Amino acid sequence: MKKNLSIFFLCFLFWQVSAQNIIVCDNCNFTNVSNAISNANTHDTIIVSKGLYKEHDIIIDKPLTLIGEEAIIDADFKGGCFNVIADSVSISGFTINNIKTSYTKDISGIYTFRISNFIFENNTFNNPFFAILIQKSENGIVRNNVINGNAKDEISSGNGIHLWHSNNVEIYGNTISQMRDGIYLEFVKNSNTYKNESRNHVRYGLHFMFSNSNSYQDNIFERNGAGVAVMFSKDIVMTNNIFQYNWGTASYGLLLKEIYDAEISNNTFIQNTIGINAEGSTRVNYFNNIFKSNGWATKITGGCYDNIFYNNDFLNNTFDISYQGRQNGNMFNGNYWSGYTGYDLDKNGVGDVPYRPVKLFSYVVNKTPETIILHRSLFIDIVNFSEKVSPIFTPKELQDFKPVLKRINK
Amino acid sequence: MITIENLHKSFGKLKVLDGLNMSALGEGIFAVLGPNGSGKTTLIKCILGMVIPNSGSIKLNNEEIIGKWIYRKKISYMPQIANFPPNLRVVELIEMIKTLRPQQTKETELIKLFDLEDSLNKKLATLSGGTKQKVNIVLTFMFDSPIIILDEPTTGLDPLSLIELKKLIIAEKSKNKTIIITSHIMSFIEEISDEIVFLLEGNVSFNGTIESLKEETNEGNLEHAIANIIQKSND
Amino acid sequence: MIKILKYSFYDLMRSKWSYIYFFFYLFLGFVLLFLNNDLSKSIITLMNVIVVLTPLIGAIFGAMYHYNSKEFVELLLAQPLKRRTIFLGQFLGLSISLTLSLVAGLGIPFLSYGIFMSADIFDFISILIVGGVLTFIFTAISYNIALANEDKIKGIGFAILAWLFTAVIYDGLFLVSLVIFDEYPLEYFALGASVFNPIDLSRILIILKLDISALLGYTGAVLQNFFGTSVGMLITSIMLMLWMFIPLKMIVSKSKKKDF
């Protein structure tokens, strides 16, 4: 212990003595960033002053702190910007513009490979192909960056923050718009994504693939081509997020595919074509969520087992649930349904008759989407009512036996 | 002055007016008579523009009136059944007709004449048949129109009002007006009218004074004279 | 025309039916708000009721009023008035008084609940507007029916039938044909079919705002582009106007030819 401490002090002293500030500006010793880096010692701080720097593919191969003071680096579509291949690198305060689009390579505003202990913060990216691409790295922080993409279609665009085979990365406070995916986590473990705003992306606001034991909370995802997708992952905790205005034929607030043991709680889903689309999801607990004014609040398709919905508010959705397949242990109990018309004679706050959240018309619309324009027609009401009285098409046991009469979450 | 030429009107297959001609009706009181279904009401309604003839012409002072509407300023019409908007008060109804027809009126005089002061603020739905008919009379006679058409004017009237009505008609006649009346009460017709227009099967079968009618049929009594005409046509 | 309108209107405003209609909506408004305790929810239920009920009332009243005011019409016909003046005046008097009962009957409960303070005010207003427009349309349609049928029972029967067809049967046929011809691109058909039914048209106009906007995404581009934009809004509004003016035009031309 004592030995460790003395080594630490030694390092500290060494750093104190050797680390120095290098300034880059138009009439300084260093007029471009690459030069400054190649002449810097490890752990130096490079301060890039106000100005426009036309540079690309800047390699950071030693531990450094880079601080931009209103510095703009324009890669001029000739390549990427920072290529980080050393540990303990911090990049902050830069505006990074015009990253080259490539159909074969993942070119990025900040690129890392096999590093650890990194911090990327307060940077702004305009027109990036990828903005921050982190591969096989760990123990990092990506925070408070602003990423403004210009993506038009999936093929020619990259992702905002993309992690691949990385662990222990915190992603928070970032604002990302108009990329392919806002945030893409692929083979990522033990990471936390929170307080980000991710909107107007061509594909997903947030995309999980093969990433177990992660959580994301307090994010806002809106107007994305396809919403948020969580796929082939275990133990994901999703709380306090807002999913809204995701409209389209294949648009979801949240798309779940092959998910096990997840928790989805305290989220708000507003005006999505489909609030949550669950496919092959097992042992997922949904509670204290608000589903408001969605086309379908939830759509449960094949291969879903033991999903439990409780304490959720279903408010004015066109359809509360679309359901395919057998009961399979999926349950809806103790939720608030704005469509509930039952009564509560014993005044215990729970309706005395069960609520049947699946409507026959929901099936019809599933099959023939154009029929939606007959929604709330008297004829449809009659059809739904007769199905309610004697169910033929909808699973008999799919009911909320304890429908709550007042809103639960406000 | 009303002239009718070759007037045709059928309702579906039923021919009601079949080429009816009527020489000019000038000043005086004309009784339009005829058995049920002979086309009396249709004729009157054609003149008023309520029924639209299939063909023919109706001229008022040598001007064609079919399809026009302004000429009705010159006509006062008293319909057969006095059914008015039930929720209006009498005074409102009178005011309404007055506003619809901005002409000189003399309704106060008439209201007094028919003792209607107490009924003025009642709703029309609450009035008796006779009182309604009196209101009907007021509405008709309050305008000073050169042509007056009365469809069964005596219906439901008490003897006193009937006398007043007759006086009114005579008074209007003295102003050189054309007055057309239909009625089933022959004594009333005999007493009041100058000329008879007798309709049969959609055409005028007799047009002349009561005297000439009696002469022609050799009957001393108008009722019998008319029965005679009808019988002849049946033979 | 204004004069006739005024008198028809006063006449109707004093009839017990206007009060019944008014109190019905007043009652409905309070009950909805009391039971739901939630403005948005009440407004959705309200829409369901309005879209079905105002045409029905318009249809029945339009025909009934025409038959009941037969003598009044005859009185007016003998006056120096154009037929168009008389019938349009009466029609407007009737539809305005019905609309007023609707607006006042629903306005009072919702105002006292504080609708003006809430974001739902626009939805509420558009429901009232649509309710008014539907009243006008169906009053005009049933007026036409009544003009064409001397028999009162028959006329009112046909008017109710017209309502039943547009409110229920049409949608049934519509749904069945959509489901049957599932394989084909149906968007234009769906658009066309909904445009040709004033009840469908008004219903869509409201639910677009209330609750299917999100679902339109599911139907593909044509419907979304049509209903999701102001162009669609404009076209639907124009169609509704046409639905109002064509029967009106027919009232005018029918009344010109009719014998009384």
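So that the names make sense, note that chain A is the first sequence line, chain B the second, and so on, each numbered from 1. Since this is a predicted model, take the numbers as computed values, not measurements.
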Enquirer: Report, in residue-number order, which members of residues 10-21 of chain B are under 4.5 Å from chain C by heavy-atom distance.
Expert: B:F11
Enquirer: Looking only at heavy atoms, which two atoms of B:I65 and B:Y71 are closest? And how far apart?
Expert: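 Scanning both residues, the minimum pair turns out to be O-CE2, 3.5 Å.
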Enquirer: Check this for me, if you would: do B:D144 and B:K177 make a salt bridge, where the nitrogen-to-carboxylate-oxygen distance has to be below 4.0 angstrom?
Expert: yes
Enquirer: With a sphere of 6.0 Å drawn around NZ of B:K73, does it hold more than 12 non-hydrogen atoms of other residues, nucleotides or ligands?
Expert: no
Enquirer: Hey, is CD on B:E201 packed in by over 12 heavy atoms from elsewhere, all under 6.0 Å?
Expert: no
Enquirer: Around B:K175, counting heavy atoms of other residues, nucleotides and ligands shown, do more than 12 lie under 6.0 Å from its NZ?
Expert: yes
Enquirer: I'd like to know if the side chain of B:S76 and the backbone of B:F141 have a donor-acceptor N/O pair within less than 3.5 Å.
Expert: no
Enquirer: Measuring heavy-atom distances to chain B, does C:L75 have an atom under 4.5 Å in its side chain, in its backbone, in both, or in neither?
Expert: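 Side chain only.
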Enquirer: Would you indicate whether C:W17, at its atom CH2, is surrounded by more than 12 heavy atoms from other residues, nucleotides or ligands within a distance under 6.0 Å?
Expert: no
Enquirer: Are B:R89 and B:E95 ion-paired here, with the side-chain N under 4.0 Å from a carboxylate O?
Expert: no
Enquirer: Considering only heavy atoms, which portion of B:K9 lies under 4.5 Å from any heavy atom of chain C: side chain, backbone, both, or neither?
Expert: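 Interface part for B:K9: side chain.
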Enquirer: Does B:S145 reach the main-chain N or O of B:I148 with its side chain, forming a donor-acceptor pair under 3.5 Å?
Expert: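 No, because the side chain of B:S145 does not come within donor-acceptor range (under 3.5 Å) of the backbone of B:I148.
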Enquirer: What part of C:K6 gets closer than 4.5 Å to chain B, counting heavy atoms only: side chain, backbone, both or neither?
Expert: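 Neither part.
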Enquirer: Quick check on B:L93 against chain C: is it the side chain, the backbone, both or neither that has a heavy atom closer than 4.5 Å?
Expert: side chain
Enquirer: Quick one: do C:E150 and C:K258 make a salt bridge, cutoff under 4.0 Å?
Expert: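 Answer for the salt bridge query: yes.
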Enquirer: Step through it carefully: locate the ring centre of C:Y21, locate the ring centre of C:Y25, and say whether they are under 6.0 Å apart.
Expert: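 Between C:Y21 and C:Y25, the centre distance is under 6.0 Å.
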Enquirer: Got B:L127 and B:S119 here, is their nearest side-chain heavy-atom distance under 4.5 Å?
Expert: yes
Enquirer: Please flag which part of B:K45 lies under 4.5 Å from any non-hydrogen atom of chain C: side chain, backbone, both or neither.
Expert: side chain
Enquirer: Determine which residues belonging to residues 101-110 of chain B lie within contact range of chain C, meaning some heavy atom pair is under 4.5 Å apart, and list them by number or answer 'none'.
Expert: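 Listed by number: B:R101.
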